[in-house]
**Student:** 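Just dropping this structure here.
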Amino acid sequence: MPELPEVETVVRSVAAHLAGRRIISSHFTSRFVTPGNRAKLVQRLAGRRIESVKRRGKFIIIALDRGTLTVHLGMTGKLLVEGEAGEHTHGVFNLDGGLLLYHDPRQFGRIEFSDGVPPRVARLGPEPLEIGFEEFRARLKRKARIKALLLNQAFLAGLGNIYADESLFAAGIHPLAVADRLSAARAKKLYDAIRGILTHAIQMGGSSISDYVNGRGERGWFQMEHRVYGREGEPCTNCGRPIRKILVAQRGTHFCAHCQKK
DNA sequence: TCAAATGTTTGATC
DNA sequence: GGATCAAACATTTG
């Protein structure tokens, strides 16, 4: 579920509620979500105070008075400050004012404690909403297919399958286009498309295409704005020809063969 | 033969 | 070294 706009929405929905709260105790039930020594994790979290909740790429960064708790939602993770624990709840934080729950049926998400910046966060590329155009263009000087590059978190942090496809459509660029062969004008179109779509999606509370909800259980609405993602066979909103779906970088890739050029 | 799903990592291969 | 590909993780859904 979670790409940059969804993670940003989750962070915004829980940050004020969590800041200043103390973790009384915690409980974890998945060896996948919380790899390693769970008893040690519980011990390290006990008594910690939450200083802030922020986002970096698709990671939720919870700064504690000692150490950092990093949460990645994977494909089906939810961080909730409302609701109750259920069958797929794999993390429970008892705070000095309420509960914080981590729910994740597929268990592709991760909850990790670290003293410094976690390695996975350290490897992230720039934030798409903060990078300047010149740096963006310089980073495109690689002979990889643009769709694969947009999904690469070391290239840019936060784009996933939905927003990569939507950004390429908005920029009129074919997903198989080779990155270092894009003209400056087309690179600028892509840069603007990425920023415009991410900003718009955040305003709409993200995309709820299956069951995504923010930290208070509320759905997002950007799925109503999707032009290509999940629209295989439906008419292109620009030219009316059917949206096609192919496999690029192992991911389903939606595009209009008429409106998006290599 | 059940395939595909908003993600990431690892290892093999070209 | 760079890029691609396949598999792995676990579960639900069409």
Side-chain angles (χ1 to χ4, degrees), chain A residues 1-11 28-36 55-60 70-79 86-91 102-112 118-125 128 139-168 175-181 194 197-198 201-202 204-214 219-233 245-254:
Chain A
M1 5 187 213
E3 302 181 32
L4 187 152
E6 289 75 36
V7 178
E8 179 67 25
T9 302
V10 169
V11 166
F28 306 99
T29 56
S30 167
R31 65 190 174 93
F32 301 103
V33 172
T34 44
R55 178 192 61 76
R56 174 77 173 94
K58 299 173 190 171
F59 290 84
I60 298 167
T70 304
V71 179
H72 193 292
L73 301 175
M75 294 277 262
T76 54
K78 295 179 187 174
L79 194 62
E87 182 187 358
H88 299 296
T89 301
H90 293 294
Y102 181 77
H103 186 87
D104 191 353
R106 285 177 74 176
Q107 301 174 62
F108 281 8
R110 296 290 180 270
I111 298 175
E112 291 165 305
R120 295 211 303 162
V121 173
R123 284 196 292 269
L124 292 175
R139 296 179 74 85
L140 284 174
K141 297 301 173 196
R142 298 171 57 168
K143 52 177 179 180
R145 297 170 299 187
I146 189 63
K147 168 71 186 271
L149 207 50
L150 293 182
L151 291 176
N152 182 347
Q153 301 299 296
F155 170 73
L156 267 192
L159 287 187
N161 211 29
I162 294 174
Y163 298 102
D165 282 1
E166 293 298 324
S167 297
L168 288 171
L176 294 177
V178 177
D180 70 0
R181 295 184 58 184
I194 290 170
I197 282 174
L198 292 179
I202 291 170
M204 304 280 281
S207 300
S208 291
I209 63 171
S210 61
D211 66 347
Y212 163 76
V213 291
N214 70 16
R219 294 170 62 83
W221 297 100
F222 192 72
Q223 67 279 7
M224 308 296 290
E225 308 284 323
H226 291 176
R227 294 287 181 262
V228 287
Y229 186 85
R231 296 194 63 242
E232 181 185 14
K245 183 178 179 184
I246 59 175
L247 209 56
V248 182
Q250 317 282 108
R251 309 297 300 276
T253 297
H254 316 71

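All values below come from the heavy atoms of this structure, side chains included, with hydrogens, waters and symmetry mates left out. The chains referred to below are lettered A, B, ... by the order of the sequence lines, with proteins before strands, and numbering in each begins at 1.
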**Student:** Separation of His254(A) atom NE2 from dA4(B) atom P, in whole Å?
**Tutor:**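 His254(A) atom NE2 is separated from dA4(B) atom P by 11 Å.
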**Student:** Do any N or O atoms of the protein come closer than 3.5 Å to N or O atoms of nucleotides 4-9 of chain C, and which pairs are they?
**Tutor:**
| unit_1 | atom_1 | unit_2 | atom_2 | d |
| --- | --- | --- | --- | --- |
| dT4(C) | OP1 | Arg145(A) | N | 3.4 |
| dT4(C) | OP1 | Arg145(A) | NE | 3.4 |
| dC5(C) | OP2 | Arg145(A) | NH2 | 2.6 |
| dA6(C) | OP2 | Gln250(A) | OE1 | 3.3 |
| dA6(C) | N7 | Gln250(A) | NE2 | 3.1 |

**Student:** Send over the distance from Glu166(A) CD to dT6(B) P, rounded to a whole Å.
**Tutor:**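 Spelled out: CD on Glu166(A) to P on dT6(B) is 12 Å.
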**Student:** Between Tyr163(A) and Glu6(A), what is the shortest heavy-atom contact and its length?
**Tutor:**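 Here Tyr163(A) and Glu6(A) meet closest at OH-OE2, 2.6 Å.
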**Student:** Salt bridge check: are Arg251(A) and Asp165(A) linked by an N-O gap of less than 4.0 Å?
**Tutor:**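 Looking at Asp165(A) together with Arg251(A), the answer is no, because their closest N to O distance does not fall below 4.0 Å.
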**Student:** Verify, without hydrogens or angle tests, whether Glu166(A) (side chain) and Val228(A) (backbone) share a donor-acceptor contact under 3.5 angstrom.
**Tutor:**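 Flag set: sc Glu166(A) to bb Val228(A) pair under 3.5 Å.
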**Student:** Please confirm whether the shortest side-chain N or O distance from Lys245(A) to OP1 or OP2 of dA4(B) is below 4.0 Å.
**Tutor:**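 So the side-chain polar atoms of Lys245(A) never come under 4.0 Å of the phosphate oxygens OP1 or OP2 of dA4(B).
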**Student:** Check the side chains of Tyr212(A) and Glu3(A) for a donor-acceptor pair under 3.5 angstrom, ignoring hydrogens and angles.
**Tutor:**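 Glu3(A) vs Tyr212(A): no donor-acceptor pair found between side chains.
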**Student:** Are OP1 or OP2 of dT8(B) and a side-chain N or O of His72(A) less than 4.0 angstrom apart?
**Tutor:**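 So the side chain of His72(A) is within the cut-off, an N or O lying under 4.0 Å from OP1 or OP2 of dT8(B).
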**Student:** Distance check needed: dA5(B) C1' versus Glu3(A) CD, whole Å only.
**Tutor:**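 Going from Glu3(A) (CD) to dA5(B) (C1'), I get 12 Å.
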**Student:** Can you find a side chain N or O atom of His226(A) that sits less than 4.0 Å from OP1 or OP2 on dT6(B)?
**Tutor:**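 His226(A) to dT6(B) OP1/OP2: no side-chain N or O under 4.0 Å.
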**Student:** Specify whether His88(A) and His90(A) have parallel, tilted or perpendicular ring planes, treating 30° as the upper limit for parallel and 60° as the lower limit for perpendicular.
**Tutor:**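 The rings of His88(A) and His90(A) sit tilted, inter-plane angle from 30° to 60°.
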**Student:** Between dT6(B), dT12(C), dT8(B), which one does the side chain of Asn161(A) approach most closely?
**Tutor:**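 Closest of the options to the side chain of Asn161(A): dT6(B).
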**Student:** Find which nucleotide of DNA chain B each of Arg120(A) and Thr253(A) is nearest to by heavy atoms, and output the residue with the more 5' nucleotide.
**Tutor:**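 Closest to the 5' end, via its nearest nucleotide, is Thr253(A).
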**Student:** Going by salt bridge (charged side-chain N to carboxylate O under 4.0 Å, His left out), name the residues that satisfy it together with Arg231(A), two or more places apart in sequence or in a different chain.
**Tutor:**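 Listed in chain order: Glu234(A).
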**Student:** At what distance, to the nearest 0.5 angstrom, does CG of Leu149(A) lie from NZ of Lys143(A)?
**Tutor:**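 One finds 14.0 Å between CG of Leu149(A) and NZ of Lys143(A).
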**Student:** P atom, dT13(C) versus dT1(B): distance in rounded Å?
**Tutor:**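 After rounding to an integer number of Å, I get 25 Å for this pair.
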**Student:** With a cut-off of less than 4.0 Å, is there a side-chain N or O of Arg251(A) near OP1 or OP2 of dG7(B)?
**Tutor:**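 Yes, because at least one side-chain N or O of Arg251(A) sits under 4.0 Å from OP1 or OP2 of dG7(B).
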**Student:** In dot-bracket form, 5' to 3', how is DNA chain C paired? Count Watson-Crick and G-U wobble pairs only if both distances fall under 3.5 Å, and write | where the partner sits on another strand.
**Tutor:** .||||||||.||||
**Student:** Think Arg123(A) has a side-chain N or O under 4.0 angstrom from the OP1 or OP2 of dT8(B)?
**Tutor:**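 Indeed not, no polar side-chain atom of Arg123(A) lies that close.
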**Student:** Of the candidate nucleotides dT9(B), dA5(B), dT8(B), which contains the atom at the shortest distance from the side chain of Tyr229(A)?
**Tutor:**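 That would be dA5(B).
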**Student:** Side chains of Pro128(A) and Leu4(A): closer than 4.5 Å at any heavy-atom pair?
**Tutor:**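 The answer is yes, as the side chains (C-beta and beyond) meet within the 4.5 Å cut-off.
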**Student:** Within this structure, what is the CZ-CG distance for the pair Phe155(A) and Leu140(A), rounded to the nearest 0.5 Å?
**Tutor:**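 CG of Leu140(A) is found 4.5 Å from CZ of Phe155(A).
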**Student:** Nearest whole Å is fine: how far is dT6(B) P from Tyr163(A) OH?
**Tutor:**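 One finds 12 Å between P of dT6(B) and OH of Tyr163(A), rounded.
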**Student:** Write down the distance separating the P atoms in dA6(C) and dA4(B), rounded off to the nearest Å.
**Tutor:**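 The answer is 13 Å between these two P atoms.
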**Student:** Using atom NZ of Lys78(A) as one end and atom P of dG7(B) as the other, report the distance to the nearest whole Å.
**Tutor:**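 Going from Lys78(A) (NZ) to dG7(B) (P), I get 16 Å.
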**Student:** Between Pro118(A) and Thr70(A), what is the shortest heavy-atom contact and its length?
**Tutor:**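 Minimum heavy-atom contact is CG-OG1, 3.2 Å.
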